[in-house]
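Just below is one structure, and these are the notes that go with it.
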2 protein chains.
Amino acid sequence: LSTPQRTQVEGQDVRVTPDPPVKCLEVAVEPPAADRLRADDERLRDALSLQHHVAKVTMDTGALRSLSPLLREQNWTVEVCLRGEECISVRIPGRPVLGLAVDLGTTKIAGYLVDLETGHTLVSQGVMNPQIAYGEDLIARITRTLGSPVEAKLMQRIILAALNGLAEDLCSRVNSQTSDILEEVVVGNTAMHHLLLRLPTEQLVMAPYVPAVAHALDVRARDLQLSLAAGAYVHFLPNVAAFVGADHVAMILGTQLWRRDDTALALDIGTNTEICLAHGGRLSSVSCASGPAFEGAHIRHGMRAAAGAIEHLSYRDNELEYQTIDDVPAVGLCGSGILDALAQLHLAGVVDRHGRMQEHPRVRNADGQLEFVFLDERERDGGPAITITQRDIRELQLAKGAIRAGIQVLLQAENLKEDDLDEVLIAGAFGSYISIDSAIAIGMLPGLPMHRYRQVGNAAGTGARLTLLSREQRREAWSIASRVKYIELASVAGFETLFAASTYLGEYHVT
Amino acid sequence: LSTPQRTQVEGQDVRVTPDPPVKCLEVAVEPPAADRLRADDERLRDALSLQHHVAKVTMDTGALRSLSPLLREQNWTVEVCLRGEECISVRIPGRPVLGLAVDLGTTKIAGYLVDLETGHTLVSQGVMNPQIAYGEDLIARITRTLGSPVEAKLMQRIILAALNGLAEDLCSRVNSQTSDILEEVVVGNTAMHHLLLRLPTEQLVMAPYVPAVAHALDVRARDLQLSLAAGAYVHFLPNVAAFVGADHVAMILGTQLWRRDDTALALDIGTNTEICLAHGGRLSSVSCASGPAFEGAHIRHGMRAAAGAIEHLSYRDNELEYQTIDDVPAVGLCGSGILDALAQLHLAGVVDRHGRMQEHPRVRNADGQLEFVFLDERERDGGPAITITQRDIRELQLAKGAIRAGIQVLLQAENLKEDDLDEVLIAGAFGSYISIDSAIAIGMLPGLPMHRYRQVGNAAGTGARLTLLSREQRREAWSIASRVKYIELASVAGFETLFAASTYLGEYHVT
């Protein structure tokens, strides 16, 4: 059994020359005296002008609150953190210069604590999105908030609490404090962006489906009750469409897809799968409602990627081999295992190209439907069998069909064939773990040579870090958002037929 | 008995061409459609650019929260309120365009609701500063907050609650809402400024006495929990010194003292009395610790200006005439009445120039000290007599001496004599009610011809309104703050002697 390459960017460094939006300057301020009674802030301005030729500064009130005591404690030498022409923090000289990049997913939140001077990622961490308790999918969460400001505030508060907790955890792991964080970048899908900022969401879920806000935003962290440096900002990258968010922009930046002049595809597979095609210097994107099947939801023995989940399996010559997370006894199938399972059953002829389960020694009827038994009750010491049911297969066909139809729409719009793709980049946590072989075998991905595929890990997180570290990369992200041509699948002529054809297993062909 | 002229600016209009920092533009936004899926904010930007040639806009998050529902409710036409390049509010077209000017005094808060388009003051109102419950004078309030962030937050919260209440009252009187207020200007002394913004105050009350912050500030109202339009700002005019605040700058602007090329003096009499001398195009200022005697505090039968307070009196040929507020029976003496009382007693020879009370049929010994009886127990139907005690006179000598010494220091610094003063402007609520005659009689003010005196009412409130209405006036205020030469009385050579000489009643002469 070949273990797929696990290309993770988590914790890896991004390659960019640091030019962050916040710079820190040490300033020696003249103490006041009977003949020098100008205010502390005025003498700080004098010193900034004389010592650093910084003449025009606005001072954040939060930063001003710490100035007077700090000057006196620090013997009149302090560090001033400037963001453009604004002083966002006054602090003890020599503190860490930190930034926080956050990839805010529907299910998971990934945080990266970055040294803004060296560009190094010091530490990273993933936590669950606590909104899950209020709705597995985004539509459920949005529905809760519609017409209820109280629910909208609750949704916002729990996500902000999670972000504060994440920042604290990350900082404590490097013996620093959240007040050392001078800038934060958040990327997420449009719905998470709106829920976090408590922006109206109704127009996201009602035709014709548009974001309230797509433009990039700088929001004072304090205004969101996020605890960073006194006057620090949170930068939100721009959204593209109601279901193509800033995380997609960050992925395009993180994969460098925007730079390419060949033909390449980048996908981030999730409950929604966003796909971008670069061709002839143009970028076009779609969002596919692939559903939660690949996160283990709505699958009989599906589960999240956790200890005991079968993450890979092969079934050849009636021989089952599998590998579980943490090598503990199997308790279910996570996304990559489910994908392998379907691929293996199809290749073994147990499931035909229509998705129909055939007669087979391991296929049995249970609760009125057929199921293929990977591990039976005996093999699980009396525990429930681990199976794939006929209904699971239908669910997976819809998921993979949505993704494949999205790819085909993008190719058709540029008049391309699959084979014209020079490279396909698979981003995201799930995408990092799947067997490309299996994805090709069931027809979720085009049948291209393996070397044209690359699994790039959390490219959205990489993009977030790039825009945290580099003002040029941030401008690039803004430009990407306006360059991306969004294609609404529902308005594509013949999409229903295309989607139906895409649900077939195996090689792709429109019936 | 001559009634002094009551020159009040409250409610009067200020004369300036309105050019407020916030402008409102009506914008018709294209509705979204299947082939027009750009976000609401992006289509608003398109419309602003096309219809108003406004290309570069940042949007406040608060303003963005109302955009999407409002566009749909208002049939895609909304009003955008721009402050420079920032959209601070999106609202129903045609709402009132209001501004709020606040003169934040130690004792009283005056609010003026202004129509930013016409420049008219719609309604004004004074309320007590609720911090009084936590300390009559500023030093007491500051002392509470030192080393106690909880007390500092409390001090801030109660003043903010008062400002919110004031805004609500003013708006309800013209059938509008606080969300119609698009800009607020607050002027106050440096201590009130710092307490409101929760800035450090320790350096205000410890030598060498400097403000934490003097520079003008724009603070988001939301950041202070002030309820105005979504993204509205509160502008704080600059301070000059620890005891010369933004209200002094506003007074200089409101009296137009800064424009003069003759020689003029402007005073705002209060617990602290700030005085500015304009001469040869220069401005110099002092702050005098005149104490609360003129507010009726620390005076045996003193009281605030309220119903029943004797506000004016004459005592000639053993005949007492007096006038009470609201013409109800007398219950005590307010500041202007106290000033008259001392002047009349001095002129009648009952109190000599040293402040010593002489023998007189109406002078009696009570509780070990002499007192002059204006109304005895019989005249008050058995109630306590209304008197002026020897101790009251000492208190008043200190108060008037502080003010007069301040005037003399300013004149000396410019090598001027009293008679060189072309005009003396008396600002502030107390200054509006006093008899200039009396103030001259006791030697609080120089013995100039009456026509050189002008009582100008709440000039600080006028200055606040000017800077609310006009960006040019705002720039002028900033310039005034940097032009004012602050003279610290404690560091003036021979100040003690000068002060002692200034406590004598009657004509001024240094002993």
Side-chain angles (χ1 to χ4, degrees), chain A residues 31-45 57-62 64-72 152 190 194 197-204 206-220 222-224 236 238-242 482 486 488 490-491, chain B residues 31-45 57-62 64-72 152 190 194 197-204 206-220 222-224 236 238-242 482 486 488 490-491:
Chain A
D35 60 345
R36 195 164 52 222
L37 291 170
R38 278 158 64 73
D40 289 339
D41 72 325
E42 298 285 7
R43 297 193 324 283
L44 177 73
R45 285 169 185 279
V57 185
T58 62
M59 302 275 301
D60 171 62
T61 320
L64 284 172
R65 286 193 184 121
S66 63
L67 174 63
S68 295
L70 209 56
L71 282 172
R72 285 157 182 84
T190 307
H194 281 35
L197 287 168
R198 204 160 32 84
L199 291 167
T201 49
E202 193 168 347
Q203 78 295 326
L204 284 181
M206 308 261 286
Y209 314 110
V210 291
V213 176
H215 205 268
L217 282 179
D218 281 313
V219 181
R220 184 93 64 188
R222 191 174 60 222
D223 208 0
L224 294 172
F236 291 85
N239 296 311
V240 174
S482 62
Y486 170 66
E488 168 72 41
S491 65
Chain B
D35 59 347
R36 195 164 51 222
L37 292 171
R38 278 158 62 74
D40 289 338
D41 71 327
E42 298 285 7
R43 296 192 326 282
L44 177 73
R45 285 168 184 277
V57 186
T58 62
M59 302 276 299
D60 172 62
T61 320
L64 284 171
R65 286 195 183 118
S66 62
L67 174 64
S68 295
L70 209 58
L71 282 172
R72 285 158 183 83
T190 308
H194 281 37
L197 287 168
R198 203 157 36 81
L199 291 167
T201 48
E202 192 167 349
Q203 78 297 325
L204 285 180
M206 307 262 285
Y209 313 109
V210 291
V213 176
H215 205 269
L217 281 179
D218 281 313
V219 181
R220 185 92 65 188
R222 190 172 61 221
D223 208 0
L224 294 172
F236 291 85
N239 297 310
V240 174
S482 62
Y486 169 66
E488 168 71 42
S491 65

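Here is how names work: the chains are called A, B, and so on, in the same order as the sequence lines, proteins then strands, and each is numbered from 1.
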Between CZ of B:R45 and NE2 of A:H215, what distance do you get to the nearest 0.5 Å? 3.5 Å
Quick check on A:R38 against chain B: is it the side chain, the backbone, both or neither that has a heavy atom closer than 4.5 Å? backbone
Hey, what do you get for CG (A:L199) to OG1 (B:T61), rounding to the nearest 0.5 Å? 7.5 Å
What's the separation between atom CZ in A:R220 and atom CG in B:D60, rounded to the nearest 0.5 Å? 11.0 Å
Looking at every heavy atom in both A:V210 and B:R72, which two are closest together, and how far apart are they? CG2-NH2, 3.6 Å
Looking only at heavy atoms, the pair that brings B:V213 and A:A39 closest together is C-CB, 4.0 Å
Which one of B:L67, B:V219, B:L197 has the most heavy-atom pairs closer than 4.5 Å to chain A? B:L197
Identify which part of B:R222 has an atom lying under 4.5 Å from any heavy atom of chain A, answering side chain, backbone, both or neither. side chain
Closest non-hydrogen contact found for A:L37 with B:Y209 is CD2-O, 3.8 Å
Pick one of side chain, backbone, both or neither for B:L217, based on which atoms fall under 4.5 Å of a heavy atom in chain A. side chain
I'd like to know which of A:A212, A:G62, A:S68, A:P69 tops the heavy-atom pair count under 4.5 Å against chain B. A:A212
Heavy atoms only, distances under 4.5 angstrom: which of A:P32, A:A242, A:A34, A:S66 has the most pairs with chain B? Name it, please. A:P32
Flag the one option from B:H194, B:E42, B:R36 with the top tally of heavy-atom pairs under 4.5 Å to chain A. B:E42
Part of B:A241 lying under 4.5 Å from any heavy atom of chain A: neither
Using non-hydrogen atoms and a 4.5 Å limit, figure out which bit of A:A33 sits close to chain B: side chain, backbone, both or neither. backbone
